[in-house]
Each structure stands twice: as C-alpha cells, then as structure tokens.
Amino acid sequence: MKIPYFFLLYLIFFIQINTQAQGLNSLKPSILIVQPIMLQDDNGENPASMNIPKKLINKAYEKAGISFRFLEPIFFNNTKARDGKINLDKIVEKAKKLNLIKGQNDIVNMFFVNAVDGNKGPLGRAKMNGNLIFISLGENKFESYEKYRNMQAFVIAHEIGHNLSLKHAVDDPNVENDIPNIQGDGEFKDRIDPKYSLNEYQINQILKSPLIHPRVKFLSKKEGEVAILDETFEPYFSNLQIREITAFINEEVPYKNLSKARDFARKKFQSAVINFNTKEKEIITYAVNEVLKTLINNDISLMYNHPWRFIKVQSWLCGGFAHTRGTYIILSQKYIDRLIKGWNENMDNTLKSNIISKLGGLLVHEQMHSLQRTFKSKFDKLYIDYWNFERGKVKTEKEIKLNQVSNPDAPIPEWLIKNKNNFNEFYWVRTLLNKSPKIPVMGKDFQDKVFIVERFNKNFRVKKDLNKNLISLELSDIGFYKNSFPVDRGLDHPNEISAYMFSELFQALYLNKEFISDKGKENTLSFLNWINVEMKLN
C-alpha cells in the first residue's frame, strides 16, 4: 500500500519523540483479565448488547489498585443461549466444547446475553469465587445516556465482585448497607464511585482472589505445570506429530500411537518447569519496568496494559528457545543466563542499556505473541489490509504433516502469500524437519519450504507435478517476499514477522536509534501506521 509523504514525516516524528508524559505510577499494581464472550444467533448475526465502560469499571476498583484487562471479544453463535432459553450450566457446557472458555481458572469469562434464565436485563449472574459471569444489559430506558453507562458499569463491576468473593452488602456484616457500594443499594453513579465502591474489608478479600495477578508475575513450578499445557486460546499439543515431539523434548518418543505420544509430550513439558530464583525475578522485573517506560512514553497502550506472566523451564525443552503459551511467556534457564550475563550492581549505564535492550527486545517479542492471540482481529488487519497476506486453509498433505514443526507462537499455518501474476496461485511457507536424523536438533534441523498452492473449492491445496510430487521452492526463490520486510528471521509466519519487527522498534526507541531502513521500507511504514492505529487503542 502507498504511504503519503506527509505521513512518512509524521511516522518518523512518532518514533523519535515521546508523545505522553505518563510514568509507571500511572499503572495499577494488580491486573484482572476479562474475556468477553458475545452471544449471537445461530447464523452469527444479531449479537446481544455488549458495552463495557472500561474507565468507569476501573474507577470502581481504583482503591484496590486493580486494572482491568478486557481482551478482544469472541463470538458464540447460539440463539437459545443468547435469549436465555437454556440454563446457564448447559451454556457453559456448550462453550467448553467449543473451547470458548479461556484460561486456567485465572481469567474471568464474561458472557453477554439478551436474557438470563428467561429474564431480561439489566441483570447479571456470577459464580461466587468462580470465573464465569453472565450479563444482560437490557435496553436504555434511562432519562440520560450517562445513567445508562453508569448502570452498565455497575452491573459488570458488581458481578465481577462475586467472582472475587464479595457478597451482597445486605448479606455481609462487614459492609454497611445504608451507604452506596458495588454490592449494595443506591444510585448507580454513587455505587461505582471510588469514594464508596469498596471498603477496606472488601479490598482485602479481593486481593486474595486467584483472579488478581501482579502486573509482573513469576509462576511457581506448580502453577507453571498447569499453565504450560494451556490450549484454551489455540491448539498446540493436540496437533503435535511424533517427529516434532522428539525434537522438542530431545529424546525418542516411546509410543507410536499419536494420542499416547501427545500425552507423553504434555508430561515432558510439565517436567521441564522450574522455579525462578530471586536474582532472576529482580532483573526481569527491572527490565519489564524499563520496557513499560518506553511503551508508556510512546503511548503503545495495547502492550503496556497487558500482564507480564512468566514460566521458567529447563534448557533442554524446545532447544532452550523462548516461546509462549496462552498469555504466558516461557523462558529457559539457558536464555535467561545468556541475557542477564554481566549484570551487576556496579555496571556502567552503557552495559546496563545494552542488557536491557536485548532482554527487553526479547520480552516485547514474546509479548506480541500473547497479543496476537488475545487481540486477533487487530493482527488480522495488519496481515490482510497492510501486508496483503490471504488467510486460507490448505488441504493436509501427509508428507508435510509428518515432518511439520508446530511453532508455539504461530501454530496455525493459515497465511498465504499472493502470487501477483496468478490470482489463483499462492505461496505457503512451512518450517519442516530434515528427514534424516533420528532425533532432530532444534533449529539446526529446521528447513523453510515454500509450497505452491492453488484455490480448491473454498479452500486451497498444494500443487503437484506430473509424478504427483509436491511442488516446493526455497525462500530465496521468492525474493520479492524476502525483500519486502526488514527482518530476515520468522518469515514463515506473519506472527513472527510482526514480533521481530516490534522487537527492533522497541530497541530503536529505547536506544534512540533509527528504525526505518531501505529494506522492506514500505511494509515498515505500514507497520508503524498500524501501531499508531491499533496498538494505541485499548
């Protein structure tokens, strides 16, 4: 896409100066993550009302030091569930089968419906000390839009309170019932006013909830063993093949049965989880805070409002490479040791800046992967509207599947590169394992292959030659694609391209260096344009 010259000047200006004078003090110390789920009819139309007055809800919990992180809404097509014609337990059961419930009981899953058990809103239902909420906001029958917004904020804040163990004021001797409170009576505006919304007892109860997370969290071995298996945002273990499992765990898999092999992989991944030590926590926390300062100063709110949650693993897992699962960043002992090498209390500012630049660059790279699965439509815009990829499902080929490498940060190979000379032909980049070694080595035995695919009905299939062999190329054979981006790594998937580019942008901002180069200049400018539009809105 063409970028006007005046906009080029604006973008250069954008990356050279700070646009906001906020500091770390503007961020609340704790985070509560909410996954909105919007009910629609069976055809994916006519959604229930979903309005989330984020500022008002955050204000209601201000005294507790909590910031709400509302993820991008996901959609659930079920007319009866939307209209309250089936009970809540059945709705949850159906949602679980569709993998719509997110997290490991550490995220609030909030369903927006037209009615709850046949009753229309405004009302809500929440599981006490749970992670499920149903909200029916109803129609605006108030004399002013302001009152309607206050009502919406109150209903959501009130039901979240139940998830956080708060009872109704009338049932709780620790809460006065004759003054406004998010669990009591009064004007909606007063009940969400931080002057009244929560008392000290309620705040202490809330902060004990497993739904409340510190802004930077290091999972214990026990917590990490659960989190590392998370597949609620996208499939991973359930799609693994035996050869890639062998590479990931650096040993032969003792099963030929795929289901048993995948269970074996899960256990091996869990066994790799270990605890962070105090020094590692201190250095990574310092690095995160430095990253946050740069993100805040450049108003990149989509990332600076996101939680930073870390799992530590032994170096043999996945070759020691950093990766992500769900909303967690997974760091190996080898990676941590390498990135914090040289760190000491007496180091000069130059060494400190170099260490933070590299460590921070890794952290924002991995955090981009978390954002890619929690704000999917924003990245769809980048890949389709700005970078001209096309999404497509390619018919499975056994030869590719058996030797596939499932990138944990881009496990769905759904993006195709358009052939400008043939509307029906596309390039599909896949990372495969070399066929020879019994135990493939991570990285060393990876190869990027470019398959030519063509439209087939509503999907795509890999083209074959006259001998029915799959037609493939090397990345160097599609030089126009390699040269269209400023990075040389991660070209197998736009998730990796955008993560590598954002890492380089962070380092440029942190070290006050130039970011734009001649290589891939057009896509770099469009990336900055996208950041300015999509990553500054939360």
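- Pairs engaging residues 301-324 under the salt bridge (Lys or Arg N to Asp or Glu O under 4.0 Å) rule: D106-R309, E280-K312 [sequence neighbours left out].
- Looking at residues two or more places apart in sequence or on another chain, you find no side chain to side chain donor-acceptor pair (under 3.5 Å) involving K395.
- Checked against salt bridge (charged side-chain N to carboxylate O under 4.0 Å, His left out), K438 has the following partners two or more places apart in sequence or in another chain: E252.
- The number of heavy-atom neighbours closer than 6.0 Å to CG of D465, taken from other residues, nucleotides and ligands shown, is above 12.
- In this structure, Y427 has its ring center no closer than 6.0 Å to that of Y481.
- Within the structure, salt bridge (Lys or Arg N to Asp or Glu O under 4.0 Å) contacts touching residues 314-340 (residues at least two apart or in different chains) do not occur.
- Between K279 and E282 there is no salt bridge, since no side-chain nitrogen of the basic residue lies less than 4.0 Å from a carboxylate oxygen of the acidic one.
- In this structure, F379 has its ring center at least 6.0 angstrom away from the ring center of W415.
- Inspection of the N403 and R243 side chains reveals an N or O donor paired with an N or O acceptor under 3.5 Å.
- In plain terms, the two heavy atoms of D448 and E474 that are nearest each other are O-OE1, 3.8 Å.
- In this structure, F502 has its ring center no closer than 6.0 Å to that of H365.
- Considering only residues two or more places apart in sequence or on other chains, F112 meets the ring-ring contact (aromatic ring centres under 6.0 Å, His included) condition with none of them.
- Across all their heavy atoms, L475 and L491 have their closest contact at CD1-CB, 4.4 Å.
- Between S67 and the choices N58, L27, L32, the side-chain contact (heavy atoms from CB on, under 4.5 Å) rule is met once, by N58.
- Sorted by first and then second residue, the pairs that involve residues 224-238 and meet salt bridge (Lys or Arg N to Asp or Glu O under 4.0 Å), not counting sequence neighbours, are K221-E225, E231-R266, E234-R373.
- Remark: the N354 side chain and the K358 side chain contain no N/O donor-acceptor pair separated by less than 3.5 Å.
- A perpendicular orientation is assigned to the rings of Y236 and F269, their planes being inclined by more than 60° (bins at 30° and 60°).
- When the salt bridge (charged side-chain N to carboxylate O under 4.0 Å, His left out) test is applied to K381, the partners found at least two apart in sequence or on another chain are E534.
- Taking the side chain to side chain donor-acceptor pair (under 3.5 Å) definition, one finds that S370 meets it with H306, sequence neighbours left out.
- By the salt bridge (charged side-chain N to carboxylate O under 4.0 Å, His left out) test, E223 pairs with K217, sequence neighbours left out.
- Taking H493 as the reference, nothing meets the side chain to side chain donor-acceptor pair (under 3.5 Å) condition, with sequence neighbours excluded.
- The environment of F423 atom CZ is sparse: at most 12 non-hydrogen atoms of other residues, nucleotides or ligands sit within 6.0 angstrom.
- Among pairs with a residue in residues 480-500, those fulfilling salt bridge (Lys or Arg N to Asp or Glu O under 4.0 Å) read D488-K519, at least two apart in sequence or across chains.
- Under 4.0 Å is where a charged nitrogen must lie from a carboxylate oxygen, and between E397 and K464 at least one such pair does.
- Relative to the ring axis of F68, K54 does not place its NZ or CZ within 45° and under 6.0 Å from the centre.
- Every residue meeting the salt bridge (charged side-chain N to carboxylate O under 4.0 Å, His left out) condition with E414, not counting sequence neighbours, appears here in chain and number order: K376, R391.
- Listed here is the closest heavy atom pair of N523 and S484: ND2-O, 2.7 Å.
- Crowding of N344 atom CG: a count of heavy atoms from other residues, nucleotides or ligands under 6.0 Å exceeding 12.
- Checked options D409, I330, I311; the residue passing with T324 is D409 (criterion: side-chain contact (heavy atoms from CB on, under 4.5 Å)).
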